[in-house]
Amino acid sequence: MSLSEQAINPVFIHSISKEQAWNYRILPFLVDGNTMSFYCDAASEPIVLKDELEVILGKTVSLESISSGEIDRLLSTYYFAEETGANKPAEQQVISTNDDFLAALITEARRLKSSDIHIETYEQKCRVRVRIDGMMVERYQIQRDDYPALVNKIKIMANLDIAEKRLPQDGRIHYKSSKMEAFDIRVSVLPTLHGEKIVLRLLNNSSVDVDLNTMGLSEIDMHNYMQGIQRPNGIILISGPTGSGKTTTLYATLKLLNKSTRNILTIEDPIEYTLEGINQVQLKESIGLGFASALRTFLRQDPDVIMVGEIRDPETANMAIRAALTGHLVLSTIHTNSAWGTVSRLMDMGIPGFLVANTLNTTVAQRLVRLLCPHCKTEQDFDPVGYPTQFKAPFAVAKHFVAKGCGECYYTGYKGRKAVYEVIPIDTELAFEIKQGNLYIDPLLKARKIKTLSENAFALFVTGETSLEEIFPLLLSI
């Protein structure tokens with residue numbers, strides 16, 4: 001176990017300021033009466049550093065040298081670094097939640113482009129984690145006495161019942177700050193063994209950065225997808241697990257389709273981006289406004305394009321089919337493992353094969369792949385022996401890049417994400433196979449030069465944009 005993985009007593013952390021910690025590159029690991037023990041950077045001058053610290057702190061100082069990389073990790077784990085300070089990442093610190101900690105936390109998460117904030121309590125500690133590029137990164141530890149007050153503050157902001165601690169609750173915060181544009185936060189409260197866990201989903205109301213051309217579609221996938229969305233009717237389905245970027249792709253598509261000559265309606269849960277010129281409806285199951293009921297009303301609103309947040313039940317699937325049959329272009333998402341898997345999923349919902357064949361326009365599978373940090377990725381000789389046996393040797397390469405970790409990427413080894421796609425346009429021949437119930441169409445896809453998710457992910461590995469470990473789950477189907 002490395003030093004950075006060992007627990008450091010929060011009491012010792014508070015014995016010096018974060019400015020002193022970063023300035024002298026030290027971290028206290030023991031305070032015993034008038035003696036303080038510190039980890040320090042092996043590159044520093046220990047005798048000079050010891051004398052200076054004893055003068056400043058007025059105590060006897062003991063130093064233990066560790067590597068520069070290890071001291072970086074420790075400092076990044078336990079002390080918050082100001083944006084202006086020495087290019088060090090902000091990580092975790094044990095803190096009191098006074099002085100408007102929540103506002104500072106939300107501002108920081110927004111700056112880090114985090115999608116979620118997790119605030120949770122356990123028997124021995126309370127912690128705050130944020131999701132950056134799909135990966136959970138621990139940022140702070142919270143004093144246990146402060147945790148209930150923080151939970152209540154969030155509940156009040158989200159208009160939730162602070163007295164209810166036994167049942168889950170969901171709410172929403174419209175967050176305004178002088179430091180950033182207003183945006184919405186979706187709040188989920190879950191009772192756990194040691195207290196209530198809160199997840200804050202930061203919703204990006206601005207669609208400025210949503211652009212289909214920068215999503216990661218290959219040339220042939222972009223061509224096939226553009227042909228699909230230019231058709232006047234049919235269903236375009238994007239599949240993938242939660243958090244794979246499906247909704248962002250839909251918004252980018254709507255942004256492209258958004259013309260004054262089209263009437264576009266959406267039913268969403270939640271509305272993540274605000275699109276000027278598009279009529280967006282927030283799903284409200286509590287009052288009977290669901291996907292299916294909204295679709296019924298949409299058909300009386302003279303739409304050209306309809307976007308449904310998700311097809312999750314037979315009723316919604318039937319309404320989407322009906323909308324497509326009556327001359328509308330319908331965009332939606334569905335949970336399947338592959339692009340072609342949407343066909344069997346629709347049939348499983350009770351949609352006859354001939355209706356699927358007549359309405360399914362384009363089917364897309366999507367995943368998000370983390371990209372290696374350009375500041376620290378390391379090239380190595382590739383040795384397939386060191387990897388799981390499912391990785392087939394013909395796909396091996398001579399050199400490859402691996403994740404290392406540095407301050408720029410919060411020691412994860414990755415910075416940013418890119419979507420990989422599998423786009424299948426449903427032409428006459430594929431529609432015939434659907435009617436016949438033949439779901440094995442691999443030869444037909446190869447004849448059309450359609451790249452699978454696995455092949456597109458492997459291309460990112462070959463070019464050094466990502467690591468084998470990151471795409472390995474997708475390679476299992478090669």
Enquirer: Which atoms form the tightest heavy-atom contact between Val305 and Leu331, and what is the distance?
Expert: CG1-CD1, 4.3 Å

Enquirer: Nearest heavy-atom pair of Gly405 and Cys376: which atoms, and what distance?
Expert: N-SG, 3.3 Å

Enquirer: Donor-acceptor pair, Lys377 side chain versus Phe401 backbone, under 3.5 Å?
Expert: no

Enquirer: Between the main-chain N or O of Arg312 and the side-chain N or O of Thr316, is there a donor-acceptor pair closer than 3.5 Å?
Expert: no

Enquirer: Write down the atom of Gln282, the atom of Ile267, and the distance for their closest heavy-atom approach.
Expert: C-CD1, 4.1 Å

Enquirer: Would you say Lys404 has more than 12 foreign heavy atoms packed within less than 6.0 Å of its NZ?
Expert: no

Enquirer: Using a 3.5 Å distance criterion without hydrogens, assess whether the side chain of Arg262 forms a donor-acceptor pair with backbone atoms of Leu257.
Expert: yes

Enquirer: Strictly by modelled atom types, are Ser467 and Tyr414 linked by a side-chain donor-acceptor pair under 3.5 Å?
Expert: yes

Enquirer: Tell me if the CG atom of Asp427 is crowded by more than 12 foreign heavy atoms within 6.0 Å.
Expert: yes

Enquirer: How long is the straight-line distance from OG1 of Thr266 back to CG of Asn279, given to the nearest 0.5 Å?
Expert: 8.0 Å

Enquirer: Is the backbone N or O of Val130 less than 3.5 Å from a side-chain atom of Ser114, with the two atoms forming a donor-acceptor pair by type?
Expert: no

Enquirer: Between Glu429 and Leu444, is there a side-chain heavy-atom distance shorter than 4.5 Å?
Expert: yes

Enquirer: Quick check against the 3.5 Å criterion: does Asn258 have a side-chain atom that pairs as donor or acceptor with the backbone of Leu254?
Expert: no

Enquirer: Which atom pairs, one a donor and one an acceptor, fall under 3.5 Å between side chains of residues 434-443 and the rest of the protein, sequence neighbours left out?
Expert:
| from | atom 1 | to | atom 2 | distance (Å) |
| --- | --- | --- | --- | --- |
| Asn438 | OD1 | Tyr440 | N | 3.2 |
| Asn438 | ND2 | Glu433 | OE1 | 2.6 |

Enquirer: How close do Glu196 and Val189 get, counting heavy atoms only, and between which atoms?
Expert: OE2-CG1, 3.4 Å

Enquirer: Got Pro425 and Thr363 here, is their nearest side-chain heavy-atom distance under 4.5 Å?
Expert: no

Enquirer: Please check if the side chain of Glu138 supplies one atom and the backbone of Arg127 the other of a donor-acceptor pair under 3.5 Å.
Expert: no

Enquirer: Measure the CG-CD1 distance between Leu329 and Ile264 for me, rounded to the nearest 0.5 Å.
Expert: 9.0 Å

Enquirer: Assess the residue pair Asp133 and Leu368 against the criterion (side chain to side chain contact (heavy atoms under 4.5 Å, CB included)); give the C-alpha distance rounded to whole Å, side-chain angles, the decisive distance to 0.1 Å, and a yes or no.
Expert: CA-CA 9 Å; Asp133 294 333; Leu368 287 177; over 6 Å; no

Enquirer: Test side chain to side chain donor-acceptor pair (under 3.5 Å) on Thr214 and Asp211 and set out the steps.
Expert: CA-CA 6 Å; Thr214 61; Asp211 186 349; 4.7 Å; no

Enquirer: As a quick check of understanding, evaluate side chain to side chain contact (heavy atoms under 4.5 Å, CB included) for Val423 and Leu217, giving each step before the final call.
Expert: CA-CA 9 Å; Val423 180; Leu217 284 158; 4.0 Å; yes

Enquirer: Within the 3.5 Å criterion, strictly below it, is a donor on His328 or Asn233 matched to an acceptor on the partner's side chain?
Expert: no

Enquirer: For Gln230, I'd like to know if atom CD has over 12 heavy atoms of other residues, nucleotides or ligands within 6.0 Å.
Expert: yes

Enquirer: Could you grab the distance from atom CZ of Arg370 to atom CD1 of Ile471, nearest 0.5 Å is fine?
Expert: 12.5 Å

Enquirer: Determine whether Val187 and Asp170 make a side-chain contact, defined as any pair of heavy atoms from C-beta on separated by less than 4.5 Å.
Expert: no

Enquirer: To the closest 0.5 Å, what do you measure between OH (Tyr421) and OG (Ser244)?
Expert: 9.0 Å

Enquirer: Looking at Tyr122, I'd like to know if its OH atom is crowded, meaning that more than 12 non-hydrogen atoms belonging to other residues, nucleotides or ligands lie closer than 6.0 Å.
Expert: yes

Enquirer: May I ask you to say whether Arg172 pairs ionically with Asp184, meaning some side-chain N is under 4.0 Å from a carboxylate O?
Expert: yes

Enquirer: Show the nearest heavy-atom pair for residues Ile306 and Ala323, with the distance to one decimal.
Expert: CD1-CB, 4.2 Å

Enquirer: Other residues, nucleotides and ligands only: do more than 12 of their heavy atoms fall within 6.0 Å of CZ on Arg448?
Expert: yes

Enquirer: Taking C-beta and beyond as the side chain, do Ile236 and Thr253 meet within less than 4.5 Å on heavy atoms?
Expert: no

Enquirer: Determine yes or no for a side-chain-to-main-chain donor-acceptor pair under 3.5 angstrom, with Glu455 supplying the side chain and Thr452 the backbone.
Expert: yes

Enquirer: Is the backbone N or O of Leu460 less than 3.5 Å from a side-chain atom of Glu465, with the two atoms forming a donor-acceptor pair by type?
Expert: no

Enquirer: Within 45 degrees of the ring normal and closer than 6.0 Å to the centroid, is that where the cationic atom of Arg110 sits relative to Phe183?
Expert: yes

Enquirer: Is a side-chain N or O of Ser115 found less than 3.5 angstrom from the main chain of Ile132, in a donor-acceptor match?
Expert: no

Enquirer: Heavy-atom distance under 4.5 Å between the side chains of His174 and Ile185, does that happen here?
Expert: no

Enquirer: Within a reach of under 6.0 Å around NZ of Lys451, are more than 12 heavy atoms found that belong to other residues, nucleotides or ligands?
Expert: no

Enquirer: For Leu289 and Leu283, what are the C-alpha separation, side-chain angles and deciding distance, and is it a side chain to side chain contact (heavy atoms under 4.5 Å, CB included)?
Expert: CA-CA 6 Å; Leu289 180 58; Leu283 181 142; 5.8 Å; no

Enquirer: Is a donor from one side chain sitting under 3.5 angstrom from an acceptor on the other, for Tyr140 and Glu108?
Expert: yes

Enquirer: Under 3.5 Å, is there a donor-acceptor pair between the side chain of Asp269 and the main chain of Gly309?
Expert: no

Enquirer: What distance do Met157 atom CE and Asn152 atom CG have between them, rounded to the nearest 0.5 Å?
Expert: 13.0 Å

Enquirer: Quick one: are Lys197 and Ile119 in side-chain contact, heavy atoms under 4.5 Å?
Expert: no

Enquirer: Using side-chain heavy atoms (C-beta onward) and a distance below 4.5 Å, is Leu237 in contact with Ile311?
Expert: yes

Enquirer: How close do Gly240 and His335 get, counting heavy atoms only, and between which atoms?
Expert: O-ND1, 3.2 Å

Enquirer: Is any side-chain heavy atom of Leu299 closer than 4.5 Å to one of Arg322?
Expert: yes

Enquirer: Let me see the working for Arg129 and Val137 under side chain to side chain contact (heavy atoms under 4.5 Å, CB included), right down to the final yes or no.
Expert: CA-CA 5 Å; Arg129 295 185 293 170; Val137 179; over 6 Å; no

Enquirer: ring-ring contact (aromatic ring centres under 6.0 Å, His included) with Tyr225: which residues, sequence neighbours excluded?
Expert: none

Enquirer: Taking atom types as modelled and ignoring hydrogens, do the side chains of Thr249 and Gln366 form a donor-acceptor contact shorter than 3.5 angstrom?
Expert: yes

Enquirer: For Glu470 and Arg417, run salt bridge (Lys or Arg N to Asp or Glu O under 4.0 Å): C-alpha distance rounded to whole Å, both residues' side-chain angles, the deciding distance at 0.1 Å, then the answer.
Expert: CA-CA 11 Å; Glu470 178 66 13; Arg417 289 188 291 179; over 6 Å; no

Enquirer: When rounded to the nearest 0.5 angstrom, what distance separates NE2 in His118 from OG in Ser188?
Expert: 9.5 Å

